[in-house]
Structures are given as C-alpha cells and as structure tokens.
Amino acid sequence: LATGAAMIGDIDLSLPAEGIPWVIGRTYSAVQDDSGHHDSDGYQGRNWHQMSQPEIVFHDDDSNPGTEEEEDMVYLVYGADRFIEFRRVMDESSPTDVFRAVNGAAGVIVYEEEATGGEPDTYTYTDMSGNEFVFFGFDGDASPAEGSLWKTIDPAGDEAYIGDASTKSTAISSGYDGSGRISVAYDASDRRYTYTYTSLDSTQRLTSVEVETKTGGTWASPTGLSTIEEVDYTYYTDEDHGSIGDLKTVTITTPMTDSGVNLIRSKYYRYWDEDFHDTTSPGHYHAIQYIVDFEGVRNFDYADSTFDNDHFTASDSVLKPYASAYYEYNANHQIDKAWANGECGCSGASNGVYNYEYESNGSYSDNAGYDQAWMIRAITERPDGSYETQYIDETGQSLDFVLSDEDPGTASNFWVTDIVRNASGQVTEQRTPANASSYNHTNATWTNSTTVGLIWVYERAGVGVQEGFASSMRHRYGTDSSAGNDYFDRDLTYDTTSLDESFGSGAYMLVRPVIDSDERYPQELT
C-alpha cells in the first residue's frame, strides 16, 4: 500500500544444506524510479532480480573518494524492491571502515583493504545471528565482479561460495562471466550450481540453473555426477502477452527415484503489452497482468488430456479462472485493481476483487528528522463493499487505519485505529476504535475520547544499545494520561550479547539486546 506495487518473492530452488542454503529465487518491482519511471533490464528479465546474486553499492558523500565522511554509505541491494542502508561509523571507539545499519535494520558491514597485489578488497556484512556475507569491493582487482557476493559463512564456519572458497582472484575468474554474472557456485553441502545464459534479442538472459552432486573426485574432475534439480527460464520475444525481455515461464525439474522419471512444474506470467489507457488498457509495458501458478498451469494445460502448452495461446477470459493473481494499474504504475486465487467473479468463481486508490497529503511538509504527519493514504475497496483507509508516513510505515462500511467519502459508520508514533518513528500508542467518537475523511481528522475506549501504551528504553526497545506495556481507557490512569500489562528489561570480530589492525563489536526479565500482570493494577 505504501508503493502500490505487487510484493512478489518466489523461491525456485532452496535445498536443505549445511550452513546457509544457496537460494535460487526472484523478486519483482514495476515501480522503480530513476528521475522518472524506470524498467530495469537485467539477465533475469525486465523488472526481475535474481536472489542468489545480491550486491552492494558504495556512495561517497563528497567529491574526494580518498576521504572518509560520516555520510558515506553502503547499500546492500538484495532484491528488485528491497535494500539495507549502512552508514559509516565515525566515533573514536570504532574503526572508520565499519558501516552500521540504519533505519531499523541490524548488523554491520566491515571494509577490508587487500594488502596482496592482484587481489580485490572486500566488504563483509555480519547479521545479528553471526552469519557473514562477503562481497568484493570496487578496486580494479575486483573487475568484473565489483560489489558482487563472493561467499556466505555461518557461525559454525560452513561456507557457500562462488567460483573458489579461498582465493578471491580465482573465484572471480572461475565463478563469474566477463560481465560479472555468476557462472558457478557451490553450497556448504558440496553441491554445484551451474548458471547458463543465452543471448535473446541481443540481451543475455539467465535460462537455467542446474544443481549437481558427485560421489567422488573433485569438481575439476568429478565422478558419479548427477543432476538433482534444475530450474529453467523462458522470456517473451515478439509475441502476445508480453514484451521482449519479460520473464515468461519458470519450470522446475526434479528427477525422481525411478530412472528417467521427472517431476516437472511450470509457472506462467502474462504482462500488459499496450500503452496505458485508463479504460481500454489499464496496464503498462513490462507490468504483470496474470500469474498462473504451478497447479493452475497443470490443470489448464491437461484439460485436454495432453501437455501441449495451450495456456500460451488461451484468451484472457478463458485463462483467468486458473490464475493465482491479476493486476490492473493506474497512470503512475501503481496497482489499482487486483484479485487472487481465481476469485475473479467469473465462470462460477467467487468475487475477490480489490480496488485501490492512493492520495497524497497536501499539507505534508518534509522537514528534518522524522515527520509524524501522514504523507499518503491508500483506500481499498474490499469485495464485500466495505473500505479500508490506511494512512502511511514518510518512511512507508503504517499509521492510522480506518474501516468503513461503504465509501469513506460518504459513509457514516467508521472504526478508527489510531497509531501514535514518537519523534523516532516508533509506536507509543495504539488507540482502538472504541476511543474514536467521530471521523472526517475529507479532512483526515477524528476525535478521541479522553475518558473511554481502550488504548495500548508502549514505553521505550531511552539509553544504551536497547534504546527504542519496548520497556513496558500499559493500557488505559481514554487519552487522559494522568497519574493512576494506566494499568500495568508487562515490564521488560534487557541484557546484551556481543559478537567480537577483528579485521586488519582494527576490531568491532556487534551487540544484540536480549530480554533479561519479562514480568506480566494478570490483573488490572495501576
């Protein structure tokens, strides 16, 4: 609701493994912005991103790349629609090659300059569980894999890696192609993942990832080689239901115990392939129209007792009862109509159609720090005719939520859940609908009672590494916070665990707050 984008994150292959699994999957975003709307065109297809190849981007805050500035940033991009932001630490107690996660994220990235000639620098991200993700840096020795993931290491030391586990230059030369795309990777259970790219319409596309095991030898000279899983991707060319470069199908093949017998599952995507028009073509090039999941494809394709891919040529009206999702869009590339799981209200299917509107706050002002005012609101018409109005702040967090029994512009019955956040954007109160006595949708205002209506109250720790964590939970009736009006529900205290790491001549400590005591109150006590 904050962006108007479909949240699509599909896992194609994720095999049980020692250490951190090597995940082959995809994320999608059709609302990318680069001084205007942008449709990316990578090897996974238009607006798609391959999960197994996250990358980092370094932002130098001044024009002199040799100086260290507090606003120097590292961005960990791990999807088409998601990233983590890290800011350089400049306090005297920490090395300046440490970047700490901000905006509610956790963990640190540590930069290490390579002293050995011909070997690239690295950036290592450590999460709150102690897992490490090592990325190549941006020096000349990292070419063509600058900013790319090299390997993952769990706390037990189990490694999954690309190309080679020990020598960075060898990993780059044997694990990536000339454009920095992964060519071969290995998980901690000693499986090999081979990536195949094919030039389609003058652009390299990922067309398959094959997973193999061996019974003996080395990967340079294996014995007992066996394929245990494979995922294949196809893309639209000059044809209906998609534009050149759009991801068309995802097919997963699993060899079974019986020789020559495979389990084959296929997913199918359709896109809008005309210019946007509000009434005749509510979509945009490269924006998903239909998703037909594995069972939908199997059911439709085998309706004539033959697997002959007739879903490719079926009309939209015939195919849509089999679809797992459908989307229409507005002029700003945001979804304004959607349904899922065949609930299209057609061919005997139930009605599950949702309609969306997005409105901006004309009085909103982007000031320094966190602004507690709402920035946008999304209005959802539900299949039963009721409406949801979700208010959203400048960071994409949810604020107040209003349920109405009809269009909020004309409705007379409202249920308002009022969310109060502090200057750091953290929730301090949740006021239930019983506390709101009136609501004006046009002005986005409502009246809260001072004496009636349940309110949940959250106090936050103000110092130390637990700053911002909930320290107590209370409830009251009405907004009056005078002494004696709050009832105890829960009190929390925190301790810390830490992970000490060293690199080069420096060191850093990753601190994790953990609950030390948790006191509950089963009766209402003030």
Side-chain angles (χ1 to χ4, degrees), residues 7-28 43-44 48-56 76-84 101 105-107 109 122-136 145 147-166 171 174-176 181-196 206-215 219 222 225-233 250-256 262-265 267 293-294 499 510:
M7 295 181 64
I8 298 175
D10 282 358
I11 305 298
D12 299 327
L13 299 178
S14 183
L15 302 176
E18 298 177 12
I20 301 171
W22 195 259
V23 176
I24 307 299
R26 297 158 291 107
T27 55
Y28 173 85
Y43 62 77
Q44 190 65 76
W48 288 94
H49 175 272
Q50 171 55 230
M51 287 183 183
S52 63
Q53 193 162 3
E55 56 188 272
I56 57 171
L76 171 51
V77 182
Y78 63 106
D81 58 349
R82 59 201 74 184
F83 65 89
I84 306 175
I109 286 181
T122 56
Y123 289 78
T124 300
Y125 167 52
T126 304
D127 68 15
M128 296 298 283
S129 298
N131 297 309
E132 297 182 357
F133 302 80
V134 185
F135 295 82
F136 294 120
S148 295
L149 177 68
W150 171 26
K151 61 181 176 179
T152 67
I153 310 167
D154 76 350
D158 297 311
E159 293 186 348
Y161 59 91
I162 298 168
D164 186 82
S166 56
S174 60
Y176 301 83
R181 296 179 289 257
I182 296 176
S183 57
V184 61
Y186 305 88
D187 67 15
S189 294
D190 199 29
R191 303 184 187 99
R192 181 170 67 182
Y193 295 71
T194 302
Y195 294 65
T196 299
L206 177 65
T207 50
S208 73
V209 180
E210 181 184 16
V211 188
E212 298 170 295
T213 59
K214 58 181 175 63
T215 58
W219 281 113
L225 199 63
S226 177
T227 297
I228 61 168
E229 202 92 40
E230 182 173 338
V231 55
D232 295 280
Y233 304 103
V250 178
T251 302
I252 301 171
T253 301
T254 305
M256 308 305 287
N262 298 323
L263 170 64
I264 300 175
R265 296 172 293 148
K267 182 178 295 188
D293 223 324
F294 301 115
L499 177 69
L510 182 62

Measure across [X] and [Y] and return the closest heavy-atom pair with its distance rounded to 0.1 Å.
| X | Y | answer |
| --- | --- | --- |
| P16 | S189 | O-OG, 4.4 Å |
| S183 | S174 | OG-O, 3.6 Å |
| T253 | P255 | O-CD, 3.8 Å |
| Q50 | V23 | OE1-O, 4.1 Å |
| F133 | F135 | O-CD1, 3.5 Å |
| T27 | A80 | OG1-N, 2.8 Å |

Partners of [X] by ring-ring contact (aromatic ring centres under 6.0 Å, His included), sequence neighbours excluded?
| X | result |
| --- | --- |
| Y78 | none |
| Y123 | Y111, F138 |
| W150 | F136 |
| F294 | none |

Heavy atoms, side chains only, cut-off 4.5 Å: are [X] and [Y] in contact?
| X | Y | answer |
| --- | --- | --- |
| R26 | Q44 | yes |
| R192 | D187 | no |
| I182 | Y176 | yes |
| M256 | N262 | no |
| I153 | N131 | no |
| I109 | T124 | no |
| I56 | V77 | no |
| L76 | F83 | no |

Task: Counterpart residues, side-chain hydrogen bond (donor to acceptor under 3.5 Å, both in side chains), relative to Q53 (two or more places apart) - done: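 Listed in chain order: Y43.
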Open item on the list: Test of understanding: with side-chain hydrogen bond (donor to acceptor under 3.5 Å, both in side chains), list the residues that count as partners of T152, not counting sequence neighbours.
Closed with: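 Expected list: none.
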Partner set under side chain to side chain contact (heavy atoms under 4.5 Å, CB included) for [X], not counting sequence neighbours:
| X | value |
| --- | --- |
| D158 | E18, D154, A156, A188 |
| P222 | K214, W219, L225 |
| A106 | M128 |
| D293 | K267, S324 |

Open item on the list: For the residue pair Y193 / S52, report whether a side-chain donor-acceptor contact shorter than 3.5 Å exists.
Closed with: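 Their side chains do not contain a donor-acceptor pair, so the 3.5 Å distance test is not met.
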Task: Derivation and outcome, side-chain contact (heavy atoms from CB on, under 4.5 Å), residues R191 and L15 - done: CA-CA 10 Å; R191 303 184 187 99; L15 302 176; 3.7 Å; yes
Between [atom1] of [X] and [atom2] of [Y], what distance do you get to the nearest 0.5 Å?
| X | Y | atom1 | atom2 | value |
| --- | --- | --- | --- | --- |
| L13 | I252 | CG | CD1 | 5.5 Å |
| Y195 | L206 | OH | CG | 7.5 Å |
| E132 | I20 | CD | CD1 | 9.0 Å |

Donor-acceptor pairs under 3.5 Å, side chain of residues 226-233 to any protein atom, not counting sequence neighbours: which ones?
| unit_1 | atom_1 | unit_2 | atom_2 | d |
| --- | --- | --- | --- | --- |
| T227 | OG1 | E210 | OE2 | 2.5 |
| E229 | OE2 | T254 | OG1 | 2.3 |
| Y233 | OH | D12 | OD2 | 2.7 |

Task: Flag, side chain of S148 to backbone of E55, donor-acceptor distance under 3.5 Å - done: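 Side chain of S148 to backbone of E55: no pair is present.
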Task: salt bridge (charged side-chain N to carboxylate O under 4.0 Å, His left out) partners of E159, counting only residues at least two apart - done: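 By the salt bridge (charged side-chain N to carboxylate O under 4.0 Å, His left out) rule, E159 matches K151.
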